[in-house]
Amino acid sequence: MKNSAEIQKRKTFAIISHPDAGKTTLTEKLLLFGGAIQTAGAVKNNKIKKTATSDFMEIEKQRGISVATSVMAFEYDGKQINILDTPGHKDFAEDTYRTLTAVDSVILIIDCANGVEEQTKRLMEVCRMRNTPVIIFINKMDREGRDPFDLLDELESILKIKVRPLSWPIGIGGTFQGVYNIFRKELNLFAANKTKISADIISIEDVNSSEVDEVIGKRPAETLREELDLVEGVYNPFTRESYLSGEVAPVFFGSAINNFGVKELLEAFLEISPSPIGRDTNEGFIEPGNPEFSGFVFKIHANLDPKHRDRIAFLRIVSGKFERNKFYNHVRLDKKLKFSNPTSFMAQDKSVIDEAFPGDVIGLYDTGSFKIGDTLTEGALFSYKGIPSFSPEIFMELENKDPMKSKQLEKGIQQLTDEGVAQLFIQQPGNRKIVGTVGQLQFEVIAYRLENEYGAKCAFVPKRYFKACWMTTDQTAKMDQFIRAKSQYIAKDKDNNYVFLAETPFLLQMAQNDYPEIKFHFTSDFKVGQEA
Ligand code: G4P
């Protein structure tokens with residue numbers, strides 16, 4: 001395998017959670033361990049304030065900071081770790097889904113008091129579409145929370161994934177004494193301490209030894225033994241294969257703010273998580289060891305300075321070695337491009353790199369050539385699959401408020417939707433522009449940016465659509481008939497695919513009943529997308 005040592009060295013993953021479960025805190029602790037930051041608080045600013053929904057400066061600030069923290073790379077124990085940041089704000093959910101296509105595994109954080117929450121469910125659905133391996137970290141064990149068995153049952157039933165605890169908590173909240181690390185057969189003792197890096201660890205070969213009673217007390221020791229017996233009885237032994245195939249999620253307990261369980265999580269992660277894996281293309285599967293360079297763009301960031309239209313395209317390298325100033329194929333445009341200033345994101349400093357390997361994410365300066373999902377290759381021409389669009393939740397028609405600036409509006413909305421800020425659907429007659437987003441915040445971002453970067457003024461008129469449904473059929477005559485019959489609810493997406501804009505679940509159901517030959521999908525990725 002070409003570049004084998006470099007590939008084996010890398011771990012590219014994301015930390016995901018419902019807001020407030022502890023993603024920022026855990027990310028920061030991992031960066032502290034890796035020496036990528038020196039002080040706590042450095043990552044904190046990345047959070048958009050929950051009250052900021054109409055504060056444009058806050059949106060701009062968020063954009064600025066999130067470029068810097070989009071990828072956080074550091075070395076630890078001979079490995080290169082690439083953490084891809086995902087926005088915490090739910091209105092940026094689609095950005096998060098796309099980022100998940102660029103990682104090889106995830107760490108999911110659960111708040112021990114809240115269990116599975118709304119965002120947790122959605123994020124896990126996306127992981128399950130691609131069988132992404134998941135490690136679960138149950139956080140805030142220093143606070144009163146729910147019974148661990150209840151939490152594990154809830155994870156299994158709601159997230160539809162099997163779990164396997166690899167550590168077990170001793171008490172919770174006021175009685176929390178630490179965890180027994182099943183993976184390493186160690187007792188890790190908890191002391192609330194935000195600066196200490198590691199817990200006191202006692203190696204215990206046999207939990208029945210009296211040493212356990214002496215250290216944590218007789219009653220808690222008995223409870224621990226009973227619970228561990230139950231764990232071994234209920235859950236199958238852990239295998240790395242079942243984790244790598246996305247069937248079983250190993251579970252750890254800890255307290256990120258107190259650095260407790262974080263080092264253990266990181267070390268287990270380094271041991272079991274996958275090195276960069278290949279991706280599917282329209283010409284078959286490409287392995288990371290493939291000697292020719294290839295990669296795909298999963299995120300585009302506009303320059304903060306409106307006078308400079310350049311943007312940064314984030315490219316995940318899938319195979320081969322990327323080299324500065326070498327010509328590569330931009331497959332969609334059928335063009336050769338070279339990059340003189342590709343950047344890496346080591347230790348939060350953007351720096352120009354000469355080469356990069358599978359698993360790495362690099363930033364490419366772009367003057368408008370890239371769309372999300374674009375593929376770059378060195379030799380053969382193929383395109384990576386699987387940057388799906390998900391049906392938006394909110395739809396508005398874009399109205400031009402300044403007829404003198406219609407060209408600017410046109411260009412602006414095209415570029416913003418290429419960046420993935422929102423989805424654009426075009427409806428006939430009249431080329432009407434329907435903008436779809438996951439959250440309200442995007443409309444404010446669009447209006448603000450159209451005005452500030454393109455000099456165009458717009459208004460949004462709410463449309464009462466429930467979902468955009470992509471359609472497939474093997475009976476084209478039926479599809480044509482449907483499109484004619486429902487023409488006022490039909491639009492085209494950015495790739496010229498027809499979508500049905502269903503006004504209510506009932507009307508979608510009617511369409512399904514009347515046209516059983518047509519399948520309706522809530523994502524543009526039909527192979528893996530759920531049927532509506
Ligand atoms: P997020 O990125 O997932 O939204 O969560 P974040 O890390 O910001 O954590 C949310 C809140 O939970 C923060 O408190 C944080 O300090 C707290 N937290 C994180 N891990 C633990 C833990 O292990 N135990 C306890 N008790 N709390 C934890 P906050 O009050 O919102 O912010 P701050 O005032 O502490 O900065």
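All of these numbers come straight from a predicted model, not from anything done at the bench. Counting convention: from 1, in listed order, for ligands and their atoms alike.
Geometrically, ligand 1 and G22 share a nitrogen or oxygen pair separated by less than 3.5 Å. Of the N or O atoms in L26, none lie within a sub-3.5 Å distance of an N or O in ligand 1.
Every atom of ligand 1 is numbered from 1 in the order shown, and the set under 4.0 Å from a heavy atom of K23 is 1 (P), 2 (O), 3 (O), 5 (O), 7 (O). For ligand 1 and S255, the ligand atoms under 4.0 Å from any heavy atom of the residue are 22 (C), 23 (O), 24 (N). Interface of P19 with ligand 1, defined as ligand atoms under 4.0 Å from a residue heavy atom, comprises 4 (O). With ligand atoms numbered from 1 in the order given, ligand 1 contributes 26 (N), 27 (N) to contacts under 4.0 Å with heavy atoms of R143.
Pairing each heavy atom of F298 with each of L315, the nearest pair is CE2-C, 4.3 Å.
A salt bridge is defined here as a Lys NZ or Arg NE, NH1 or NH2 lying under 4.0 Å from an Asp or Glu carboxylate O, and R240 with E271 fails to meet this definition. Of the charged side-chain nitrogens involved, at least one lies within less than 4.0 Å of a carboxylate oxygen, so that D213 and R225 count as a salt-bridged pair.
Counting heavy atoms under 4.0 Å from ligand 1, residue K140 touches it through both backbone and side chain. Contacts between N258 and ligand 1, counted as non-hydrogen atom pairs separated by less than 4.0 Å, are absent for every part of the residue. Counting heavy atoms under 4.0 Å from ligand 1, residue D142 touches it through the side chain alone.
Aromatic ring pairs are classed by plane angle as parallel below 30°, tilted from 30° to 60° and perpendicular above 60°; the pair F260 and F190 is perpendicular.
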